[in-house]
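Below is one structure, written out as structure tokens, with a few remarks after it.
Remember, it's 1-based here, ligands and their atoms both numbered in the order they're listed. Values reported hereafter were calculated over all heavy atoms of this structure, with side chains retained and with hydrogens, waters and symmetry mates removed.
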Amino acid sequence: MRALDFFKDLFNNLLSDLTKTFSRQKSDSVFGLDIGLSSVKVVQLKRRRGRVILETYGELATGPYGGLAVGQAVNLTLDNLKKLVADLFKEANITTKTGVMSIPSRSSLIVDIDLPEVDDDKLASIIPLEARKYIPVAISEVTLDWLRIPSPADIRTANENNPEGQPIKGLTKILLVAIHNDAIKNHQTLAKDLELQVPIMEIESFSSIRSCLHNDLNATALIDLGASSSKMAIIDRGVIRVSHTINKGAQDLSMAVSRSLSVPFEKAEEIKREVGLVEKPENYDNVESAISPLVEYIFAEAEHVVIKYQKENRRVVDKFILIGGGAVLKGLLAIAEQEVGVPVAFGQPFNKTEAPAFLSGVLTEAGPSFAVAIGLALRGLEEI
Ligand SMILES: Nc1ncnc2c1ncn2[C@@H]1O[C@H](COP(=O)(O)OP(=O)(O)OP(=O)(O)O)[C@@H](O)[C@H]1O
Ligand SMILES: [Mg+2]
């Protein structure tokens, strides 16, 4: 009996290894799946002679799967999410079963901390203890990761004792990352039930940095205008130094339009997308006045975060990059530039892929929405 079990296991392992090898040979494509609160985005990329080819991409709103409108944020039940992802894979014609999924910023925490200069093994034992000071839930509920912030990004807040903000002897700067285990478990269940292989999951901000930033040593602010919140990161010398959430998002703009024009959310969402901040067609001339205070609020808060960072680190944040579905609001770029006073551009993640030329206009427009999904798939191509 035991011998039988042994051979059964051996056979199963062999089979699974063979399937892995086989599927790996059959297809070198990977998907990037970004599960947002208001819409789920997917892309499929493959590598051909060192170039990254865009094979397909697609997006589905979550609202209709949760009894709400397009554009509304909704935490879908696992069953409804499974249905949505299955529909999306079918509609977008995703053919690979292997890929990378996003972990939302709200299920994670990114902070930089000072720790004694010790070797990696020692660091591994110190970090869970140190992490308790920063993480508001039990350490057993999170998965921890970290990386050493390399010099010269290893700068510190200048103060009376350290007016130059020099690295402090004996201390090393660590970027500490914690992910809520529930978020990982939910994704694992989703992947298993849909028979997908997802060996890597990644916090969304890391993915959009990969897809939208170039090897730039200057400090950049990246803002993801999602449905219920706007997520912001400051990236300096290639390393995330600040991760911040602004509790207003693109959905709030539709809600403001809905109130101001006394129309249902669905209609307000349509009007917002059509009118935005520039055109003022008859009957809709108060759309802009309903939306602009919220947009100004978001960028004023982002600017506060930037000013604090610049002061503490004596670095200049010299540009903003906008991503997320909310970024494509008509007229947003001009208002954003006014608020922050430095150049603002849309993230162009599709530029890191090759696609038929006739798609270029469509992809430029869709770019900000797909920043996370493309970043995930790029990581998949590198590591899976
Ligand atoms: N053309 C458009 N003009 C203005 N707003 C738009 C447009 N297209 C989409 N949006 C807005 O973008 C928002 C969705 O953005 P996105 O897909 O980045 O959010 P999400 O990823 O689902 O949210 P989160 O990242 O917070 O989980 C919606 O609120 C929608 O109203
Ligand atoms: Mg998102």
Open item on the list: I want to know if ligand 1 touches D224 in the polar sense, i.e. an N/O pair below 3.5 angstrom.
Closed with: no
Open item on the list: If the cut-off is 4.0 Å to any non-hydrogen atom of G71, which atoms of ligand 1 fall inside it?
Closed with: 28 (C), 29 (O)
Open item on the list: So for ligand 1, is S254 a polar contact partner (N or O within less than 3.5 Å, distance only)?
Closed with: no
Task: Nearest protein heavy atom with distance in Å, relative to atom 14 (C) of ligand 1 - done: S38 OG, 3.2 Å
Task: With sequence neighbours excluded, residues passing ring-ring contact (aromatic ring centres under 6.0 Å, His included) with F350 - done: Y57, F370
TODO: Could you check which of E274, K231, E59 puts a non-hydrogen atom nearest to atom 26 (O) of ligand 1?
DONE: K231
Task: Residues D236 and R241 bridged, charged N to O under 4.0 Å - done: no
TODO: Compute the shortest N/O to N/O distance between A227 and ligand 1 and return yes if it is under 3.5 Å, no if not.
DONE: yes
- [ ] For atom 5 (N) of ligand 1, grab the closest protein heavy atom and report residue, atom and distance to one decimal in Å.
- [x] K272 CE, 3.6 Å
Open item on the list: Grouping I, L, V, M, F, W and Y whenever their side-chain heavy atoms are under 4.5 Å apart, do I307 and Y309 come out in a common cluster?
Closed with: no
Task: Test item, G249 contacting ligand 1 (heavy atom, 4.0 angstrom) - done: no
- [ ] Give yes if a backbone or side-chain nitrogen or oxygen of G226 is under 3.5 Å from a nitrogen or oxygen of ligand 1, and no if not.
- [x] no
Open item on the list: Any heavy atom of K41 closer to ligand 1 than 4.0 angstrom?
Closed with: yes
- [ ] Provide, to 0.1 Å, the distance between atom 31 (O) of ligand 1 and the closest protein heavy atom, together with that atom's residue and name.
- [x] E269 OE2, 2.4 Å
Task: Closest protein heavy atom (residue, atom, distance) for atom 16 (P) of ligand 1 - done: G325 N, 3.5 Å
TODO: Starting from atom 1 (N) of ligand 1, find the nearest protein heavy-atom neighbour and note its residue, name and distance.
DONE: V328 CG2, 3.6 Å
TODO: Under 4.0 Å from a heavy atom of G324: give me the atoms of ligand 1 that qualify, with their elements.
DONE: 18 (O)
Task: Protein residue, atom and distance nearest to atom 27 (O) of ligand 1, heavy-atom basis - done: L37 N, 2.7 Å
Task: S39 to ligand 1, any heavy atom closer than 4.0 Å - done: yes
- [ ] Would you mind reporting whether I384 and Q197 have side-chain heavy atoms less than 4.5 Å apart?
- [x] no
Open item on the list: At less than 4.0 angstrom from any non-hydrogen atom of G36, what atoms of ligand 1 do you find?
Closed with: 20 (P), 21 (O), 22 (O), 27 (O)
Open item on the list: Among all protein heavy atoms in this structure, tell me which lies nearest to atom 13 (C) of ligand 1, with the distance rounded to 0.1 Å.
Closed with: A250 CB, 3.6 Å
